[in-house]
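Structure, as structure tokens:
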Amino acid sequence: MARKKRTPEEQSIDPAAQQMLIRADELGISTAFTRADAMAPCNVGSTGMCCKLCGMGPCRLTKDGQTGVCGATIDTIQARNLVRAIAAGGAAHSDHGRDMAFTLKAVANGEAEGYVIRDVAKLRKVAANYDIDIEDRAPEEIANDLADLYISQFGQQKGEVVVVNRAPEKRQKIWREQGVVPRGLDREVVEALHRTHIGDDQDPEHLLNHAIRTSLADGWGGSMIATDVSDILFGTPAPILGEANLGVLKEDMVNVVVHGHEPTLSEMIVAASQDPEIIEYAKAAGAKGVNLSGICCTANEILMRQGIPAAGNFLHQELSILTGSVEAMVVDVQCIMQALVSLAENFHTMIITTSPKVKIKGATHIEFHEEKALTTAKNILRIAIDNYENRGETQIPSDREKLIPGFSHEYINYMLGGSYRASFRPLNDAIISGRIRGVAAIVGCNNPRSQQDYLHTYITQELLKQDVLVVETGCGAIASAKLGLLLGEAGLDRVGPGLREVCETVGIPPVLHMGSCVDNTRILTVLTQMVEEGGLGDDIDQIPAVGLAPEWMSEKALAIGTYCVASGVYVMFGGASPVSGMPDRMEDSTIVSEYISSGWEEIYGGKLEFVVDPDEMIRRTLDHIDKKRAALGIPEYEADRFGRSGDARMMDLESLPLSERRQAIYGVAAD
Ligand code: BF8
């Protein structure tokens, strides 16, 4: 049966994307959207029924009770596939963290061109946590010791990754009792590959235990190191005005889109683009200057620190080139579609790969190394500027939306209490009183198999109406940004009255953009600080909070979801389940899907579920939050209890005659 080709409106809710999809159709160019329509996902592989780990297969277990040639059962195969995916996702994040640690070492030793230590306060705080001497020492000396410590964590063979000491005490105890505290980041990934090799670990629960350990090496290891070092080198984010969507591309400027993940490259390109010599070079080429923008997590990194606009999320990478206005797309690692090169051949756009780890046939490779970082960044920009004269017909959508990103956990702490009383107390109190019903982290990718941005933004908006405070990262955050949900007061007419009251009092948007995907560790830190503040139990699993990845597609998302579960969080993924077994079976009916849900919940207090229906995701979220509230013994959530003070109440009062209004406000009648 022929697959149905969706209309642009069915492929994305974003008008800018729809416009570019129409253009692609007119030009006869394929995109991830049309390729997804043309190719149904393999229903054997996508449901976890395929084992291709050895040359006796691949084995397809499509009948009840069937095993692979070696005798492997469906449960073992699903567990092995999941462990491998989590290991790959954790490896990607952690390798990013490793490179950041090496950059810190190079900066500390004066071997990196153009970088400085921007956040000395965070450097001292992080170093002190590991008992590195910080008194009377230059930042470079402290940074050198911290870099050495962090670098040593990747290849550590025994003991515990030091970063786990930042989790709540009780959580650390659970991990130790279960034997899942990661030793070294590389060791856990290698062991994951070993144990899933033909003829090794075959007990699904035992295998999945190692999935927990490997994911912890990411969340409370490599990713947390990546976030720490990025903040130390490039500054801890604080709110800043930014813009998002394809409308940030400019007709009269050289458009350079940076895409990927590591801020080492993108920060240096930002610095180079502001160099007077580069601006003059662009003017000599007939442009007004260089206009930088970002895609994917690179976008988040430079958006939240520098206010550089985001051209879009994962599915915008092809669409930005379709505008015909991009002189160069500069990429490093992760989430870069191979299709970019053939797509760019229809335009003048140059695809420039920069990482020693990533080359794409047909792309221009200009390798980026710290010791010549600024020089290389300027070279890349000169090449992009030289390409400006080759630009042909353009079509840049006008859609762009303002946003305020930059809510690091440090800033959230500060904004709640101010410089002298920085504290999570107001947030805890708002949850305890019921003004805020609970917290949802809505994170993760775009997936062309669903309507772009719809699941992210629908779930976000519905939870806001229910007084749930939403924090976001990654491509989910950019989805909300494009819809105007990351603005201060502009978004408040769409949220519940209690949450609105808190947002108005503190001066925050109801959706907090907390950064890139490695920055999901900031959410772990916020949850830990909420526990330490008191009143919401003594461990993360007691907080009324849920994690959601409605449009996930990457293995990194699975690693993130699993370390959040291990930390005590209920996590739901949208779309198809990779462990559902038969396509017509119930979502939660296999041994593996049951184990990662109720089995993990019994041990860790968190659970992992795949839920197709967004309304069911919302229902389960609210149900979980309310159950956690009841378990804490805090007041049951009441939708109409709050939001009666301040402006909202004044508006009601204004409808009363003056005498009654005075009576209501001051308790005394008019004269
Ligand atoms: O790490 S959300 S599509 S960009 S994987 Fe990729 Fe997914 Fe976007 Fe960032 Ni995260």
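Remember, it's 1-based here, ligands and their atoms both numbered in the order they're listed. None of these values were measured; they are calculated from a predicted model.
Scanning the protein heavy atoms around atom 8 (Fe) of ligand 1, the nearest turns out to be Cys475 SG, 2.3 Å. For atom 10 (Ni) of ligand 1, the closest non-hydrogen atom on the protein side is Cys517 SG, 2.3 Å.
Heavy-atom proximity to Phe314, at under 4.0 Å, picks out these atoms of ligand 1: 3 (S). Close approach to Cys445 involves these atoms of ligand 1, each under 4.0 Å from a residue heavy atom: 2 (S), 3 (S), 5 (S), 7 (Fe). Each of the atoms 2 (S) of ligand 1 lies under 4.0 Å from some heavy atom of Gly444. Every atom of ligand 1 is numbered from 1 in the order shown, and the set under 4.0 Å from a heavy atom of His261 is 1 (O), 4 (S), 9 (Fe). The atoms of ligand 1 that sit less than 4.0 Å from any heavy atom of Ser554 are 5 (S). Under a 4.0 Å criterion applied to the non-hydrogen atoms of Lys556, ligand 1 contributes the atoms 1 (O), 5 (S), 9 (Fe).
Looking only at atom types and distance, the side chain of Asp519 has a donor-acceptor partner in the side chain of Thr227 under 3.5 Å away. Looking only at atom types and distance, the side chain of Thr34 has no donor-acceptor partner in the side chain of Asp37 under 3.5 Å away. Counted by atom type alone, Ser12 and Gln452 present one or more donor-acceptor pairs between their side chains at under 3.5 Å. A donor-acceptor pair shorter than 3.5 Å cannot be found between the side chains of Asn447 and Glu551.
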Report task. Step by step, work out the side-chain contact (heavy atoms from CB on, under 4.5 Å) result for Ile523 and Met514. Result -> CA-CA 8 Å; Ile523 299 173; Met514 293 190 71; 3.9 Å; yes
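Contact annotation for Met553 and ligand 1: only side-chain heavy atoms (C-beta onward) come within less than 4.0 Å of the ligand. When heavy-atom distances to ligand 1 are checked against a 4.0 Å cut-off, Cys335 comes that close only through its side chain, counted from C-beta outward.
For Cys296, every N, O or S atom stays at 2.8 Å or more from atom 10 (Ni) of ligand 1.
With a 4.5 Å cut-off on side-chain heavy atoms, Ile321 and Ile351 count as touching. With contacts defined as side-chain heavy-atom distances shorter than 4.5 Å, the pair Met572/His624 does not qualify. For the pair Asn245/Pro397, no side-chain contact is recorded, criterion being any heavy-atom separation below 4.5 Å from C-beta on.
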